[in-house]
Number of protein chains: 2
Amino acid sequence: MTQANKTVNKATAEQKPSRYVDCEHCSMQAVCLPIGSENHAIDLTSNYLTKRIEVSAGRNSSPLLNQVTGVKLFEQAKPLTAIFAVCSGTFKLSQQNEAGIEKIVGFRFPGELMAEDALFLETYNYSAIALDDSSVCQVFVAPLSACSKLAPELQQNLIKLLTKQSYVQQRNTQALIGKKSAECLLAAFLLNICQRYAKYSGNETQIELTISRHDIANFLGIRRETLSRILSKFQQEQLISIKGKLLVLLSLNRLKQLADN
Amino acid sequence: MTQANKTVNKATAEQKPSRYVDCEHCSMQAVCLPIGSENHAIDLTSNYLTKRIEVSAGRNSSPLLNQVTGVKLFEQAKPLTAIFAVCSGTFKLSQQNEAGIEKIVGFRFPGELMAEDALFLETYNYSAIALDDSSVCQVFVAPLSACSKLAPELQQNLIKLLTKQSYVQQRNTQALIGKKSAECLLAAFLLNICQRYAKYSGNETQIELTISRHDIANFLGIRRETLSRILSKFQQEQLISIKGKLLVLLSLNRLKQLADN
DNA sequence: GTTTATATTTGATGTAGATCAACAAAAGAT
DNA sequence: ATCTTTTGTTGATCTACATCAAATATAAAC
C-alpha cells in the first residue's frame with residue numbers, strides 16, 4: 001500500500017473511508033489473481049505487470065477556457081499502453097466528438113475498471129479525469145499480452161471479464177435511453193452510483209458526491225437547470241438529502257419505484 | 001452455399017440482391033479465417049465448427065397477444081451454445097425487462113454478428129428475431145473454446161474483435177443518447193442502416209426496409225406517431241423517398257448535416 | 001373476391017423539459 | 001480580508017414531443 005495521507009488530511013476526510021478498495025472487491029480480480037496452482041509463476045500482482053499510482057485532483061493548471069476540471073489519467077485517441085482499476089477516488093470518462101463537444105460516457109468508483117474495453121486495441125476510446133485525489137492500479141498491456149499467450153486460462157478469463165463488463169455497460173446506458181422522464185432517469189442514476197460506491201463505503205444509502213451537476217446533467221442528457229430542479233424536488237419530498245458533498249438516499253423503496261417506470 | 005430459392009421467388013426480389021454476403025465482408029472473418037500458415041489444421045469454416053442455416057420469417061404461429069412477429073433464432077436468458085453471423089436477411093435484437101416490456105437494442109444486417117458480446121458467458125443477453133427470410137452462419141462455442149486454447153493468436157483475434165465490436169456498439173448507442181431532437185436521431189439512424197446495408201447491397205443510398213415503424217420507434221425511444229410525422233416531413237422536403245418497402249436517401253449531404261447537431 | 005385485423009398516417013391538445021435570464025453561493029485568486 | 005470566477009438554484013416562457021383519438025392503408029384470413 002502506498003501513502004495517501006494527503007487525502008486523509010483534507011476537510012472532507014471524515015465522510016470518506018481512508019482506505020483503498022481491497023483486491024477482493026476489485027473487478028480486475030480475474031486478471032490479477034494467479035491462475036491455477038501450477039501457474040504460480042504468473043502472478044500479475046507483482047510489480048512487473050501492475051503498479052499502483054496516485055492521481056492528485058486539483059483543477060487543471062490552465063484555467064483559460066472552460067477546461068475540464070481534474071487531472072487526466074489517460075487521453076482519448078492516445079496510444080493505449082495500460083488499463084486501470086480504481087483503488088480510491090472517482091473518475092469521469094469523457095469523449096469528445098468531431099465538433100469538440102464533451103460527452104460524459106461514464107463514472108468510475110473504487111473497484112471498477114477503466115479502458116479495459118479497448119484492451120489490445122491501439123488507442124484509448126475516452127479520456128479519464130480524476131474528480132478527487134485518487135489512486136489506481138495500472139496494468140501494462142504488453143506484458144499482459146505476453147503472459148496471456150502462455151496461459152490460455154488467463155485469456156479466457158479476460159474474454160469473460162470483458163464481455164461481462166460490456167454487458168453491464170450496455171445495460172447501464174440502454175436503461176437510460178428508455179426515454180423515461182428526467183425524474184426516473186435521475187432516481188435510477190442515484191441508486192446506481194450509491195450501490196456501486198457501497199462496495200467501497202459499505203453503505204448503499206449514501207455517497208460523497210464529487211461529481212459536479214454539470215457532469216451529471218451531461219451524462220444523463222438533461223440540462224443543469226432541470227437536474228437542479230429535480231434535486232430540489234426530491235429533497236422537498238424527503239427522498240434524498242444533500243449536505244455539502246454528502247448525498248443521502250432517505251427512501252430506497254420510493255426511489256426504486258420511481259426508477260423503474 | 002445452401003439454397004435460398006424461396007427468397008428469390010418473392011415479389012420483393014427485384015430490389016434485393018439474390019446472394020449471400022461473402023466471407024470477405026463478414027465481421028466473423030477474424031474468427032473464421034485459418035490462422036497462420038502452420039496452423040491450417042484450424043479452419044473454422046469446416047462444418048465441424050460452423051454451419052450455415054436458414055431462418056424463414058413468417059409471423060409467429062401464436063397471434064394471441066401482441067406477440068413479436070418473425071421467428072426467434074435464439075432467446076434471451078437461454079443457454080448460449082453458439083454465436084451467429086448474418087449471411088442474408090435482417091434481424092432485430094430485443095431485450096425484455098423485468099416488467100416484460102420489449103426494448104429493441106439493435107438491428108443486424110448481412111455481415112454483422114449476433115450474440116458475440118456474450119461469448120463464453122452462460123446465457124444470451126437478448127433475443128434475435130428474423131424480420132425476413134434469412135440465413136446465418138452458426139459458430140458453436142464449445143469447439144471454438146477448445147480450438148482457441150490451442151491457438152493463442154485466435155484468442156487474441158477474438159478479444160480484438162470483441163472489443164472493436166463493443167466500441168462500435170457503444171458509439172451507436174451513445175450517439176443516440178446525445179438527446180438530439182427526434183429529427184437528428186432519425187436522420188442519423190437512416191444514414192447508419194443504409195451504410196451498413198450497403199456492404200450487402202453495394203448501394204448506400206437505399207435499403208429494403210423490413211423493419212416496422214413500431215420497431216424503429218422503439219429502438220430510437222420515440223413514439224410511432226412522431227416517427228411517422230418526421231418520415232412524412234422528410235419526404236415532403238425531398239430528403240428521402242419511400243415506395244413500398246424501398247427507402248431511398250435522396251440527399252446524403254443534407255441528411256448528414258441534420259444528423260450531427 | 002369480402003371481411004377482419006394490423007400497421008401507418010394525420011389531427012388536436014397537453015405537458016415535460018429546453019431555453020433565456022437573473023440571482024445566490026461556493027471556491028479560488030490576490 | 002476583497003475581488004473574481006465558477007457552480008448551483010430559481011423563475012418565466014416557449015417548443016418539441018407525448019398523448020389521445022380517429023382515419024386510412026396494408027396485409028392476413030376466409
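Below, all heavy atoms of this structure are taken into account, side chains as well, without hydrogens, waters or symmetry copies.
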Any N/O pairs under 3.5 Å between the protein and nucleotides 11-15 of chain D? List them or say none.
residue: dG11(D); atom: N7; partner: R229(A); partner atom: NH1; Å: 2.9
residue: dG11(D); atom: O6; partner: R229(A); partner atom: NH2; Å: 3.2
residue: dA12(D); atom: N6; partner: R229(A); partner atom: NH2; Å: 3.3

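Residue S212(A) is classed as a sugar-phosphate contact, given heavy-atom separations below 4.0 Å to backbone atoms only. Using a 4.0 Å heavy-atom distance criterion, S228(A) is classed as a base contact.
Atoms CD1 (I211(B)) and P (dT8(C)) sit 12 Å apart, rounded to a whole Å. In this structure, CD1 of I230(A) is placed 8 Å from P of dA18(C), rounded to the nearest angstrom. One can place CG of L186(A) at 11 Å from P of dG17(C), the figure rounded to the nearest angstrom. The CG atom of L227(B) sits 12 Å away from the C1' atom of dA7(C) (whole-angstrom rounding). In this structure, the CG atom of N218(A) is 17 Å from the P atom of dG17(C), given to the nearest Å. Distance L131(B) CG to dA7(C) P: 13 Å, rounded to the nearest Å. Atom C1' of nucleotide dT10(D) and atom CD of Q236(A) are separated by 11 Å, given to the nearest angstrom. dA25(C) atom P lies 23 Å from atom NE2 of H214(A), rounded to whole Å.
Counting only residues at least two apart or in different chains, salt bridge (Lys or Arg N to Asp or Glu O under 4.0 Å) contacts with residues 105-115 of chain A comprise E112(A)-R196(A).
For E116(A), the salt bridge (charged side-chain N to carboxylate O under 4.0 Å, His left out) criterion is met by no residue, not counting sequence neighbours. Among residues two or more places apart in sequence or in another chain, the ring pair (Phe, Tyr, Trp, His ring centres under 6.0 Å) test is passed with Y124(B) by F74(B). Under the side chain to side chain contact (heavy atoms under 4.5 Å, CB included) criterion, I101(B) pairs with N97(B), A99(B), sequence neighbours left out. Under the side chain to side chain contact (heavy atoms under 4.5 Å, CB included) criterion, S251(A) pairs with L239(A), N253(A), R254(A), not counting sequence neighbours. Residues satisfying the side-chain hydrogen bond (donor to acceptor under 3.5 Å, both in side chains) criterion with S27(A), sequence neighbours excluded, are absent altogether. Residues satisfying the side chain to side chain contact (heavy atoms under 4.5 Å, CB included) criterion with S127(B), sequence neighbours excluded, are K72(B), E75(B), Q76(B), S94(B), I129(B).
Counting heavy atoms from C-beta outward, Y200(A) and V86(A) have side chains that stay 4.5 Å or more apart.
Between F219(B) and F107(B), the distance from one ring center to the other falls under 6.0 angstrom.
Close to dT9(C), at under 4.0 Å from its OP1 or OP2, lies a side-chain N or O of R213(B).
Axis angle between the ends of the helix from dG1(C)-dC30(D) to dT30(C)-dA1(D), five pairs each and rounded to 10 degrees, works out to 50°.
Side-chain atoms of T226(B) lie closest to dC17(D) of the nucleotides dC17(D), dG17(C), dT9(D).
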